[in-house]
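What follows is one structure encoded as structure tokens, with my remarks underneath.
Counting begins at 1 with the first residue of the sequence. Worth knowing before you read on, the calculation uses all heavy atoms, side chains too, and leaves out hydrogens, waters and symmetry mates.
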Amino acid sequence: MSAHPTARRAAPVRWLPGLILATWALAAGAAVGPLPATDAELAAAVREALSRDPALGRLGLQVEATDGTIRLEGNTPTLALRREAVRLTAAERGVLAVEDLLSLPQGPADRTVALRVANRLSPYADLRSPVLETTVEEGRVRVLGRVGTVGRLLFLDKLVASVEGVAAIDLSGVEVESFATASRDDARIQEAVFSLIRNPLVFPVAGRVEVAVAGGDVTLTGTVPRLIDRMEAEMVAWLVGGVTGVANEIQVDPGLGRNRVREPGP
């Protein structure tokens, strides 16, 4: 049984795809209680967190911890639940990285998946055909078209991820109208990213985060207490119009207090 380290640069969660880092990372509550002292205690804390979720608790997912890295194995019925398992794991204090080895069941024919996706989107005039067109190949859903805001893009991703048989989602072909008029000014982008990170009504990121912008490329540095704080800070950066790239150099220190992000300084 190895002792759990108190600080280390966090590795990225392996399945996360760029912008849609994303819809699963909604307001994860700060873990409460003492920091796990060993990997065994950390794995137990993650199992407890997963068991409290009504859907995930029935799946019997396997959880192993090694030097703060959590390895998740098992089967989830939808992509949305797979994301939720990673989100809940990343929200536990002491988790430095997540190795997602979760599997989705063999899906039905692509035609069936396409019909399910169309049915899920049908109540929303701005998310269904002809505004948006979807294709499915080997369970991977590709969407083409335009949405008004990044909020609708995230909502679209969440809806599609909840459809059984969807193995992956490609939204690179969806244009966000609000991005088309976004300022490319680095100072404005920096202010917007930092304002969102600090806003508890958007994402409750804790710790110390600094934002630098050059030519639309955002660099995030600092230290946060949980892996999910690191992940959400990156997601927030991608939500700002004009951002062309994000380098996430934030470190995770589970021993850090859970204070809100504040202005950089001594």
Side-chain angles (χ1 to χ4, degrees), residues 13 15-29 78-84 86-88 90-91 116-135 140-163 166 168-186 188-206 209 211 213 216-218 220 228-246 248 260-261:
V13 176
W15 65 272
L16 297 174
L19 170 63
I20 305 303
L21 167 66
T23 57
W24 52 269
L26 299 176
T78 64
L79 179 60
L81 276 177
R82 181 178 185 175
R83 292 175 172 181
E84 181 67 2
V86 174
R87 184 188 76 84
L88 289 176
R116 289 177 178 176
V117 170
N119 183 63
R120 187 61 52 87
L121 299 180
S122 63
Y124 310 98
D126 63 326
L127 300 182
R128 64 179 185 237
S129 180
V131 180
L132 294 179
E133 298 294 341
T134 60
T135 59
R140 182 182 183 86
V141 178
R142 176 170 171 76
V143 187
L144 300 175
R146 173 179 289 198
V147 295
T149 66
V150 72
R152 291 305 277 177
L153 182 68
L154 297 179
F155 181 63
L156 166 66
D157 181 71
K158 183 178 181 179
L159 287 175
V160 175
S162 68
V163 175
V166 172
I169 304 171
D170 180 0
L171 299 181
S172 62
V174 180
E175 181 182 352
V176 180
E177 293 177 357
S178 61
F179 281 2
T181 58
S183 169
R184 305 296 179 181
D185 180 70
D186 286 347
R188 188 208 63 83
I189 292 173
Q190 181 183 34
E191 179 182 1
V193 171
F194 195 69
S195 294
L196 284 175
I197 289 176
R198 293 185 64 204
N199 188 341
L201 298 180
V202 181
F203 296 101
V205 178
V209 177
V211 181
V213 184
D217 289 337
V218 175
L220 302 174
I228 201 165
D229 294 313
R230 179 182 193 269
M231 295 157 65
E232 287 182 348
E234 180 174 342
M235 183 179 109
V236 165
W238 277 115
L239 295 183
V240 173
V243 171
T244 55
V246 179
N248 192 346
R260 297 281 317 148
V261 167

CG on D126 to CZ on R146, rounded to 0.5 Å: 13.0 Å

Heavy-atom pair of closest approach, residues V166 and L79: O-CB, 3.7 Å

Close side-chain approach of I189 and V243, heavy atoms under 4.5 Å: yes

D157 (side chain) donor-acceptor with I169 (main chain) under 3.5 angstrom: no

Heavy-atom closest contact (V218 atom, A237 atom, distance): CG1-CB, 4.2 Å

Rounded distance (nearest 0.5 Å) linking atom CD1 of I228 with atom CE of M235: 9.5 Å

Pairwise distance OG1(T149) to CD(E177) - rounded to 0.5 angstrom: 9.0 Å

D186 (side chain) donor-acceptor with G216 (main chain) under 3.5 angstrom: yes

Any donor-acceptor pair under 3.5 Å from S195 side chain to A192 backbone: no

Side chain proximity check, W238 to E234, heavy atoms < 4.5 angstrom: yes

Q190 side-chain N/O to V211 backbone N/O, donor-acceptor pair under 3.5 Å: yes

Salt bridge present between E84 and R87 (N-O < 4.0 angstrom): yes

All side chain to side chain contact (heavy atoms under 4.5 Å, CB included) counterparts of R120, not counting sequence neighbours: L159, S162, V163

Check: V143 and V117 side chains under 4.5 Å, non-hydrogen atoms: no

Donor-acceptor pair, side chain of R152 and main chain of L127, under 3.5 angstrom: no

Identified side chain to side chain contact (heavy atoms under 4.5 Å, CB included) counterpart of V246 within the set V193, V240, L220: L220

Within 6.0 angstrom of E175 CD, more than 12 heavy atoms from elsewhere: yes

Validation row: R188, V213 side chains within 4.5 angstrom (heavy atoms): no

Reported CG-to-CZ distance for the pair L121 and R116, which is rounded to 0.5 angstrom: 14.0 Å

M231 to A90 - nearest heavy-atom pair and separation: SD-CB, 3.7 Å

Close side-chain approach of L144 and L132, heavy atoms under 4.5 Å: no

